[in-house]
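Please read these numbers as outputs of a predicted model, since none were measured by experiment. Note: hydrogens, waters and symmetry copies are ignored here, and every other heavy atom, side chains too, is used.
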Amino acid sequence: MGIVDVVSEYCSMPRSRRHLKKRKQFQTVEMKVRIDCEGCERKVKKALEDMKGVSSVEVTAKQNKVTVTGYVDAAKVMRRVAYKTGKLVEPWPYVPYDTVAHPYAPGAYDKKAPAGYVRNVVSDPSAAPLARASSTEARYTAAFSDENPNACSVM
């Protein structure tokens, strides 16, 4: 190996970790932000539209939901909204009630949730045990079910 080969290898190597950064994945970030008026909606949109990597911003004021798509980091997006608007920002905690086994259990049901949504107990380990029926509850529910041939005939 000659001196030219050593120098060319040295020149082709990245000099710092900055060159080895991973590329961000295209993703959708959903968050809950309290939106009271059209001014709040504009403020949230303005805070996010000029952010690097953001493809689109959708604000649903009625549900207090902000959806951001693009090559972004979820934590950075939420920090930016909180900093620029001064509002409390949290990840979107709701899922459609069809995806939860027991949507009206105490852990899943939330009066503040938009229509058709319940709290996401699949990703929240503290609420998950409350959203599952115990064996006793399952027996009582099955006793009065229409599919049970031995169900109570009073109903």
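The side-chain hydrogen bond (donor to acceptor under 3.5 Å, both in side chains) test applied to S55 returns no partner, not counting sequence neighbours. Annotation: ring pair (Phe, Tyr, Trp, His ring centres under 6.0 Å) contacts of Y94 (sequence neighbours excluded): W92. With sequence neighbours excluded, the residues that form a side chain to side chain contact (heavy atoms under 4.5 Å, CB included) with T67 are T28, E30, E58, K65.
For residues 70-89, the side-chain hydrogen bond (donor to acceptor under 3.5 Å, both in side chains) pairs, not counting sequence neighbours, are D50-R80. Pairs engaging residues 37-65 under the ring-ring contact (aromatic ring centres under 6.0 Å, His included) rule: none recorded [sequence neighbours left out].
What you find for E41 and A61 is that their closest heavy atoms are OE1-CB, 4.0 Å.
The environment of NZ in K43 is sparse: at most 12 heavy-atom neighbours from other residues, nucleotides or ligands sit within 6.0 Å. No more than 12 heavy atoms of other residues, nucleotides or ligands shown are found within 6.0 angstrom of CD on Q25.
Hydrophobic cluster membership of V44, counting Ile, Leu, Val, Met, Phe, Trp and Tyr whose side-chain heavy atoms lie under 4.5 Å apart directly or via other members: V29, M31, V33, I35, L48, M51, V54, V57, V59, V66, V68, V72, V77, M78, V81, V89.
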